[in-house]
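Here the structure is laid out as structure tokens; the discussion comes afterwards.
Keep in mind it's a predicted model, so treat the numbers as computed, not measured. Values below: every heavy atom of this structure, side chains too, minus hydrogens, waters and symmetry copies.
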Amino acid sequence: MPAARESLLDAAHAALGRRPWSTVRMVDVAAAAGVSRQTLYNEFGSKDGLARALVRREADAYLAGVERALVSRSEPRERLAAAAEWTVSAARGNALVRAMLTGCWAERLPSPTLSAVPSSSAVPAQRRADGPLPSPGDFVGLVRDRAVASLAVPGASKSEASELARACELVVRLGVSCVLAPAGEGGTERMVRDALTTVRSVS
């Protein structure tokens with residue numbers, strides 16, 4: 001991603017941390033990034049375009065964190081537990097991630113439409129942001145599929161592959177539930193380990 005675009009998204013994210021999105025001004029975002037307002041409009045087209053790009057970037061960062069968590073440990077059950085814990089910690093530290101995973105967009109956040117919007121942007125990254133944004137249900141599928149790909153055993157039977165997919169989706173949904181209602185003693189990882197105790201495909 002070009003440096004100016006990344007700086008603008010950083011500035012927009014920082015501004016959102018200080019005040020509601022409705023009061024964030026494009027001129028202030030440009031100034032904080034050290035670029036002209038025209039550069040900001042050239043990159044994103046509008047404030048809504050900036051919001052969509054910011055949401056897309058945070059979604060990509062969350063999914064990259066899922067992939068890191070899935071390779072951070074050796075045992076399958078521990079890898080899934082780490083992915084669920086990452087989901088909870090990412091949502092705790094980032095209001096946009098929390099909103100994307102739960103569909104609960106607070107009034108102070110941007111709430112770009114999830115469907116694609118017409119784009120005439122010459123900037124490839126912005127054309128991608130102008131495409132459909134993931135819904136909470138999409139995130140469940142995206143994380144489940146990454147987990148399945150990470151844990152799949154070559155030569156597994158169709159029933160074993162199906163069981164693995166169900167177990168991975170269970171873990172994703174447990175993680176999201178812990179975003180909405182934090183787990184008690186032992187936290188999310190303990191809950192995932194307990195839930196997977198009888199699942200052969202992730203033993």
Side-chain angles (χ1 to χ4, degrees), residues 1-70 72 82-143 146 175-176 178-180 182:
M1 179 177 290
R5 185 180 180 85
E6 188 68 25
S7 295
L8 286 162
L9 290 171
D10 287 343
H13 193 268
L16 181 59
R18 294 189 299 270
R19 57 187 182 271
W21 183 252
S22 61
T23 67
V24 172
R25 300 190 314 157
M26 296 285 271
V27 65
D28 295 333
V29 172
V35 302
S36 69
R37 187 170 58 170
Q38 187 59 51
T39 298
L40 173 55
Y41 279 101
N42 288 346
E43 280 291 333
F44 302 105
S46 65
K47 188 175 178 182
D48 184 60
L50 175 61
R52 292 181 68 83
L54 182 58
V55 169
R56 173 67 71 183
R57 184 183 74 161
E58 299 309 305
D60 289 346
Y62 163 70
L63 291 170
V66 167
E67 292 179 352
R68 288 192 301 272
L70 286 168
S72 66
E85 183 59 37
W86 161 251
T87 292
V88 174
S89 64
R92 185 185 306 122
N94 189 319
L96 285 174
V97 171
R98 181 183 178 89
M100 286 185 279
L101 290 174
T102 64
C104 300
W105 292 86
E107 190 175 310
R108 70 181 320 276
L109 297 175
S111 53
T113 177
L114 295 178
S115 58
V117 298
S119 177
S120 59
S121 175
V123 181
Q126 189 56 37
R127 290 201 303 271
R128 179 168 177 266
D130 288 342
L133 295 173
S135 69
D138 293 332
F139 275 111
V140 169
L142 289 166
V143 177
R146 281 164 169 75
V176 173
C178 289
V179 168
L180 290 167

Non-hydrogen atoms of [X] and [Y] that approach each other most closely:
X      : Y      : value
Pro112 : Leu133 : CG-CD1, 3.8 Å
Gly103 : Pro136 : N-CG, 3.5 Å
Ala82  : Ser72  : CB-OG, 3.8 Å
Ala12  : Val29  : N-CG1, 4.0 Å
Ser119 : Asp130 : OG-OD2, 2.8 Å
Pro134 : Arg56  : CD-NH1, 3.9 Å

With a 4.5 Å limit on heavy-atom distance, are the side chains of [X] and [Y] in contact?
X     : Y      : result
Arg5  : Val123 : yes
Ser7  : Val35  : no
Glu43 : Ser121 : no
Val88 : Pro182 : no
Ser36 : Asn42  : no

**OP:** Apply side chain to side chain contact (heavy atoms under 4.5 Å, CB included) to the pair Leu96 and Trp105, showing each step before the final yes or no.
**Re:** CA-CA 8 Å; Leu96 285 174; Trp105 292 86; 3.8 Å; yes
Under 3.5 Å: donor-acceptor pair, side chain of [X], backbone of [Y]:
X      : Y      : value
Arg52  : Thr113 : yes
Gln126 : Gly49  : yes
Arg37  : Ala31  : no

Let me confirm one number: the [atom1]-[atom2] distance from [X] to [Y], rounded to the nearest 0.5 Å.
X      : Y      : atom1 : atom2 : result
Ser135 : Leu142 : OG    : CG    : 8.5 Å
Thr87  : Leu63  : OG1   : CG    : 9.0 Å
Tyr41  : Lys47  : OH    : NZ    : 9.0 Å
Leu109 : Cys104 : CG    : SG    : 11.0 Å
Thr23  : Arg18  : OG1   : CZ    : 10.0 Å
Asn94  : Glu58  : CG    : CD    : 4.5 Å

Subject >> Pairing of Arg57 and Asp10 as salt bridge, 4.0 angstrom limit >> reply: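 Yes, charged N to carboxylate O under 4.0 Å.
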Original post:
Should Asp60 and Arg128 count as an ion pair when the cut-off is N to O under 4.0 Å?
Top reply: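 Salt bridge between Asp60 and Arg128, a charged N being under 4.0 Å from a carboxylate O: yes.
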Original post:
Between Tyr62 and Trp86, what is the ring plane arrangement, given parallel below 30°, perpendicular above 60°, and tilted in between?
Top reply: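 Rings of Tyr62 and Trp86: parallel, under 30°.
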Subject >> Other residues, nucleotides, ligands: >12 heavy atoms within 6.0 Å of Glu107 CD >> reply: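 Counting other residues, nucleotides and ligands, CD of Glu107 stays at 12 neighbours or fewer.
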**OP:** Please check if atom CZ in Arg108 has more than 12 non-hydrogen atoms from other residues, nucleotides or ligands closer than 6.0 Å.
**Re:**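 Yes, CZ of Arg108 has more than 12 neighbouring heavy atoms, counting only those of other groups under 6.0 Å.
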**OP:** With side chain to side chain contact (heavy atoms under 4.5 Å, CB included) as the test, would you mind laying out the steps for Leu50 and Leu9 before giving the verdict?
**Re:** CA-CA 8 Å; Leu50 175 61; Leu9 290 171; 3.9 Å; yes
